[in-house]
Amino acid sequence: MTDTIFALSSGQVPAAIGVIRISGPKAFVAVEALAGSLPPPRRASLRTLRTKDAHLDRALVLIFPGPETATGEDLAELHVHGGRAVVRAIESALSTVPGLRSAEAGEFTRRALGNGRIDLTEAEGLADLLAAETEAQRRAAMRAAEGGMRQRIGNWATRTLQFSAAIEALLDHADEDDIAAEAGLLDQVRADARTLAAEIEALLAEPGIERLRDGIRVVLAGSPNAGKSTLLNALVGREAAIVSPLAGTTRDRIEAPVMRDGVAYLLTDTAGLHDAPSDMVEEIGIVRAKEALDQADLILWLDDVPPPALTAPHILIHPRTDEPGRGAVVDRRLRVSARTGEGMAQLWERIAELAGAMLPTPDAIPFNRRQRDLAALAAASLRGVAEGSDLLLIAEELRRALRAFDRITGAADVEAMLDTLFGRFCIGK
């Protein structure tokens, strides 16, 4: 029999209210053990919680008979006073009920997945929703948690099943004489598979959710003493990097996150780039600076010399315009002084403009890396269908595409990945 689990599902105590959730076949037995009687289903009722030895609390008690619950099991909630001692006493009392144990991280959501209340894409969306720090992250995660990705994948799978049914019908009637009709049906399947592959590939070309979740990586680069650290501190609004008139103060990458207009950025200060490092430490710093440039989404180049060949979008900056002899600039670089604030507003506008093209659109349901890889496999199989001629090979390509869709939604066996996913959840979720 499945264990019955319990955990505090509200925020950390102390708080005004603590919600203790109980899920499993003995959820109602546990409620009766503490409250004496069960309230009507889905109706909050005031009960005194007690053990044989102690009065624990006066609480609101709700019960939700399965399977129409969040977890697909019998579910109960105890809305208790949110003091540490109160919550600890009630959890201790629940642990004495036979068949009950404390929940593990993400176990409530994992049971919802196992009992068909949600699919894997909704669980991933919920994980992102719990971790969301910006409005854009929240919106994207909410769309996934509410089934937007599931509906998209379901539509693709349904169409692929229709292709598969048509190919199976051709295989079943391969000995019949209506060759023209069979050729027409095969051509239609090929064309439809090509259309679906193109649809998937178009979505694969859009930005993934990682940029929303992890932030736009903005790397500040240039020669030693170009003003990178001063600009980093001005952009993040705090002393994140040491500033010194001595060249080569920054030896390692310094990363500082910042939120701006609902977008997350990860700003990276780097060692000054030049061809004659003074020691091994500075040489290592230059290597790491070049690695940061390779990983950047956006580069701020602070130097009077042109940048090296850069693969990422970049902004050319004429820094330290407040210093003597630095006021004039003849090229089209952006004039910036981190000390006086000159050009800072224009710099943020330019950063936001370039970042906007790297982020999912407000109404998008972006892929994460796992979903993207599997969707790419499905698209490749559908391309194989579009270009194929052997019915058996086409049928196998369609089966591969369907397996990829099943793995996206969790219909296939993905146990190891589930362990990693639900480890991101809190205990009461």
Side-chain angles (χ1 to χ4, degrees), residues 215-261 263-279 281-355 358:
I216 303 293
R217 298 188 67 91
V218 181
V219 174
L220 287 72
S223 63
N225 230 19
K228 300 183 294 297
S229 298
T230 303
L231 181 58
L232 175 79
N233 291 341
L235 289 169
V236 302
R238 61 184 177 87
E239 296 295 316
I242 297 173
V243 175
S244 165
L246 298 175
T249 301
T250 302
R251 296 295 191 98
D252 202 353
R253 291 161 52 163
I254 297 173
E255 295 186 338
V258 64
M259 299 288 182
R260 180 90 176 182
D261 297 329
V263 177
Y265 298 92
L266 183 64
L267 304 183
T268 303
D269 187 15
T270 60
L273 299 173
H274 63 108
D275 296 329
S278 60
D279 54 43
V281 175
E282 187 177 15
E283 184 177 357
I284 293 172
I286 292 173
V287 170
R288 292 185 177 179
K290 292 177 179 178
E291 291 173 350
L293 288 174
D294 291 338
Q295 298 164 1
D297 297 319
L298 173 60
I299 297 168
L300 306 185
W301 181 256
L302 289 77
D303 214 324
D304 294 333
V305 300
L310 300 176
T311 57
H314 52 276
I315 302 172
L316 302 181
I317 296 174
H318 181 72
R320 301 179 286 117
T321 57
D322 58 301
E323 296 181 5
R326 298 284 305 170
V329 56
V330 296
D331 57 23
R332 301 178 66 181
R333 288 178 292 163
L334 181 63
R335 292 165 44 92
V336 171
S337 170
R339 290 190 177 92
T340 67
E342 179 187 3
M344 292 297 295
Q346 291 85 349
L347 176 57
W348 269 120
E349 288 175 4
R350 183 64 178 141
I351 290 173
E353 178 185 345
L354 293 174
M358 305 175 193

Can you tell me how far [atom2] of [Y] sits from [atom1] of [X], rounded to the nearest 0.5 angstrom?
X      : Y      : atom1 : atom2 : result
Thr270 : Ile254 : OG1   : CD1   : 9.5 Å
Leu220 : Leu235 : CG    : CG    : 6.5 Å
Gln346 : Glu353 : CD    : CD    : 13.0 Å
Leu298 : Met358 : CG    : CE    : 5.0 Å
Asn225 : Thr230 : CG    : OG1   : 8.5 Å
Leu267 : Ile351 : CG    : CD1   : 7.0 Å

Heavy-atom pair with the smallest gap, counting every atom of [X] and [Y]:
X      : Y      : answer
Ile216 : Ala355 : CG1-CB, 4.1 Å
Thr268 : Glu255 : OG1-CG, 3.6 Å
Ala271 : Ala289 : O-CB, 3.7 Å
Ala226 : Pro319 : O-CG, 3.3 Å
Met344 : Ser337 : CG-O, 4.0 Å
Val305 : Trp301 : O-NE1, 2.9 Å

I'd like to check Leu300 versus Leu347 (side-chain heavy atoms, cut-off strictly below 4.5 Å). Are they in contact? yes
Any non-hydrogen side-chain atom of Thr321 less than 4.5 Å from a side-chain atom of Val336? no
Report, one line per pair, each donor and acceptor closer than 3.5 Å where one atom sits in a side chain of residues 309-316; sequence neighbours left out.
unit_1, atom_1, unit_2, atom_2, d
His314, ND1, Ala312, O, 3.2

Partner of Val219 under side-chain contact (heavy atoms from CB on, under 4.5 Å), picked from Leu293, Leu266, Asp297, is Leu293
Using modelled atom types only, decide if a donor and an acceptor are shared between the side chain of [X] and the backbone of [Y] within a distance under 3.5 Å.
X      : Y      : value
Arg339 : Arg320 : no
Lys228 : Ser223 : yes
Arg217 : Ala292 : no

Are any of the side-chain nitrogens in Glu291 or Arg288 under 4.0 Å away from the carboxylate oxygens of its partner? no
